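Please read the structure below before turning to the comments.
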Amino acid sequence: MPELPEVETIKRDLKNYLLGAILKEVLIVNKNFLTKNKIELEELQNLKNSRLFELERRGKMLALIFEKRALIFHLGLTGALIFQPSPLFADNKHLIFSLLFDSGILSFQDIRKFGKIWLISKENLTNFWQANLGPDALEITEEDFITLLKEGHGPIKALLLNQKKLAGLGNIYATELLFRAKIHPLRKAESLTPEERRTLYREMKALLQEAIALRGSSIRDYVDGLGQKGLFQERHLVYGKKGRPCPLCQTPLEYIPLQGRGTTFCPQCQK
DNA sequence: TTCAGCCTGTCG
DNA sequence: CGACAGGCTGAA
């Protein structure tokens with residue numbers, strides 16, 4: 001579910017309520033999930049009585065930084081982090097755990113349980129980011145982005161989705177970006193012309209910023225840090241629209257699997 | 001570089 | 001009932 005714009009939206013929402021808050025209680029509902037993630041129940045409980053003093057996002061991951069430790073989330077396809085001023089657990093069968101702060105309750109839920117969490121010491125956070133993720137798609141400079149493309153090999157879409165090369169784009173935004181840049185998803189990354197590289201960079205920044213401004217894309221399950229849906233799905237041009245006419249030239253949009261991900265594109269506009 | 005597997009839900 | 005879904009990993 002959540003790609004860069006969605007996780008950024010969640011981060012901004014949670015920051016409003018959790019910055020400086022003190023964790024008072026930890027309520028663990030799904031112990032099995034923690035075990036799978038190699039986290040002892042006690043480790044999580046030990047976060048109690050510490051202050052959350054920063055939230056940091058890189059790519060699709062979000063870190064809650066406490067005094068000594070950082071709790072890192074990857075929301076997978078259906079993970080959600082929802083803040084509520086007062087409890088509301090009753091109808092939530094996918095709740096993994098809740099963190100009870102003095103300012104309200106943060107619940108982590110995940111329907112498909114593809115999400116992941118890590119609990120590391122605060123000093124290791126920089127190393128963690130570097131070991132797991134390439135530069136953030138919003139932060140990367142044009143120069144570094146162009147180098148990445150020049151040194152790429154294989155389909156451009158595969159490169160855009162590779163989190164170790166470039167962190168943040170998922171299937172929605174990679175698909176939309178390639179349409180906006182008029183580049184075919186199977187083009188070899190290293191074959192892009194200098195102009196195409198610049199266009200791709202410019203369109204990537206614009207796309208992500210527009211999506212953040214509209215609070216992300218809610219196709220199915222995504223909700224922001226307060227449980228509300230995003231609006232950017234209304235601006236999608238090709239994602240999930242196979243067979244429908246291209247918004248530019250009316251040619252029916254085509255669909256191919258690429259690395260197991262459904263990929264929609266216009267065979268006429270995207271070269 | 002495919003492809004099943006991890007899970008649950010929805011749609012046709 | 002099968003196909004597919006904002007992700008990622010590890011095995012063939």
Side-chain angles (χ1 to χ4, degrees), chain A residues 1-11 29-38 57-62 72-82 91-96 108-118 128 131-134 137-138 152-179 185-186 188-189 204 207-208 210-212 214-225 228-244 253 255-264:
Chain A
M1 120 215 217
E3 306 179 25
L4 187 153
E6 289 75 34
V7 181
E8 179 65 20
T9 301
I10 292 169
K11 185 191 102 175
V29 173
N30 187 335
K31 297 184 167 80
N32 197 32
F33 183 91
L34 295 186
T35 310
K36 261 193 340 195
N37 283 268
K38 294 177 203 142
R57 180 192 61 74
R58 177 137 158 186
K60 304 171 189 172
M61 295 196 198
L62 181 64
I72 302 162
F73 292 84
H74 187 302
L75 299 176
L77 283 168
T78 55
L81 278 169
I82 303 173
D91 60 344
N92 186 353
K93 62 173 173 172
H94 302 296
L95 182 63
I96 310 287
F108 173 50
Q109 58 184 62
D110 190 350
I111 299 171
R112 295 179 69 181
K113 299 173 188 70
F114 290 170
K116 287 200 173 86
I117 57 170
W118 298 260
F128 180 90
N132 291 288
L133 299 172
L138 261 191
H153 47 85
I156 178 65
K157 182 163 183 256
L159 178 62
L160 295 174
L161 288 174
N162 184 336
Q163 302 299 303
K164 288 210 155 66
K165 301 278 186 188
L166 178 71
L169 297 182
N171 207 26
I172 291 180
Y173 295 101
T175 299
E176 290 291 310
L177 172 56
L178 289 169
F179 177 75
L186 291 175
K188 303 290 177 209
M204 178 174 77
L207 172 66
L208 294 174
E210 287 168 33
I212 292 168
L214 289 181
R215 308 188 59 75
S217 303
S218 295
I219 303 288
R220 266 172 294 275
D221 307 297
Y222 165 70
V223 288
D224 64 25
Q228 305 294 309
K229 289 184 183 303
L231 296 169
F232 193 69
Q233 64 280 7
E234 291 165 19
R235 306 290 177 88
H236 291 177
L237 299 174
V238 294
Y239 178 83
K241 299 183 191 294
K242 67 176 161 188
R244 311 227 320 240
L253 297 173
Y255 178 91
I256 51 166
L258 200 162
Q259 294 198 147
R261 322 298 305 282
T263 304
T264 309

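Lettering of chains follows the sequences in order, A, B, ..., and the numbering in each one begins at 1. What you are looking at is a predicted structure, and each value in this text was computed from that prediction instead of being measured.
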- Query: Once Watson-Crick and G-U wobble pairs under 3.5 Å are found, how is DNA chain C written in dot-bracket notation, 5' to 3', with | for any base paired to another strand?
  - Reply: |||||.||||||
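For the side-chain contact (heavy atoms from CB on, under 4.5 Å) test, residues two or more places apart in sequence or in another chain that qualify with A/Lys36 are A/Lys113. Applying the side-chain contact (heavy atoms from CB on, under 4.5 Å) rule to A/Ile111 yields the partners A/Thr78, A/His94, A/Asp221; only residues at least two apart in sequence or on another chain are considered. Under the side-chain contact (heavy atoms from CB on, under 4.5 Å) criterion, A/Phe114 pairs with A/Leu77, A/Arg112, sequence neighbours left out. Listed by chain and residue number, A/Tyr222, A/Lys229, A/Gln233 satisfy the side-chain contact (heavy atoms from CB on, under 4.5 Å) test with A/Ser218 (two or more places apart in sequence, or in another chain). When the salt bridge (charged side-chain N to carboxylate O under 4.0 Å, His left out) test is applied to A/Arg215, the partners found at least two apart in sequence or on another chain are A/Asp13, A/Asp224. Listed by chain and residue number, A/Phe108 satisfy the ring pair (Phe, Tyr, Trp, His ring centres under 6.0 Å) test with A/Phe33 (two or more places apart in sequence, or in another chain).
In terms of heavy atoms, A/Ala80 sits closest to A/Leu75 at N-CD2, 4.1 Å.
Sorted by first and then second residue, the side chain to side chain donor-acceptor pair (under 3.5 Å) pairs involving residues 158-167 of chain A (not counting sequence neighbours) form an empty list. Applying the side chain to side chain donor-acceptor pair (under 3.5 Å) test to residues at least two apart or on different chains, the pairs with a partner in residues 234-243 of chain A are A/Ser217-A/His236.
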Do any N or O atoms of the protein come closer than 3.5 Å to N or O atoms of nucleotides 9-12 of chain B, and which pairs are they?
unit_1, atom_1, unit_2, atom_2, d
B/dG9, OP1, A/Lys93, NZ, 3.0
B/dG9, OP1, A/His94, NE2, 3.2

Taking only nitrogen or oxygen atoms into account, show me every contact under 3.5 Å that the protein makes with nucleotides 8-10 of chain C, one pair per line with its distance.
unit_1, atom_1, unit_2, atom_2, d
C/dC8, OP1, A/His74, NE2, 2.6
C/dC8, OP2, A/Lys60, NZ, 3.0

Show the distances under 3.5 angstrom between N or O atoms of the protein and N or O atoms of nucleotides 2-4 of chain C.
none

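At a threshold of 4.0 angstrom between heavy atoms, the contacts of A/Gly170 are confined to the sugar-phosphate backbone, with no base atom among them. A/Tyr239 comes within 4.0 angstrom of sugar-phosphate atoms only, judged by non-hydrogen atoms across all strands, and of no base.
Judged by centroid separation below 5.5 Å and plane tilt below 30°, A/Phe114 stacks onto the base of B/dC6.
Residues A/Lys157 and A/Asn171 have side chains in contact (heavy-atom distance under 4.5 Å, counting atoms from C-beta outward). Two residues are said to be in side-chain contact when any heavy atoms from C-beta on lie closer than 4.5 Å; A/Met204 and A/Leu4 fail this criterion. Side-chain contact between A/Ile256 and A/Leu186 is present, with heavy atoms from C-beta onward closer than 4.5 Å. Residues A/Leu177 and A/Leu208 fail the side-chain proximity criterion, which asks for heavy atoms closer than 4.5 Å.
Using C1' as the reference atom, B/dC6 and C/dC1 are 22 Å apart when rounded to the nearest Å. Comparing the same atom, C1', in C/dA5 and in B/dT1 gives a spacing of 22 Å after rounding to whole Å. Look at the P atom in both C/dA3 and B/dC3: the space between them is 14 Å, to the nearest Å.
Protein atom CD of A/Glu3 is 12 Å distant from nucleotide atom C1' of C/dA5, rounded to whole Å. The nearest whole Å value for the distance from the NZ atom in A/Lys36 to the C1' atom in B/dC7 is 7 Å. We find that NZ of A/Lys113 is positioned 14 Å from P of B/dC6, with the value rounded to whole Å. Put simply, CD1 on A/Ile96 is 11 Å from C1' on B/dC7, counting in whole angstrom units. Atom CG of A/Leu258 is separated from atom P of C/dA5 by 13 Å (rounded to the nearest Å).
The backbone N or O of A/Glu3 lies less than 3.5 Å from a partner atom in the side chain of A/Glu6, making a donor-acceptor pair.
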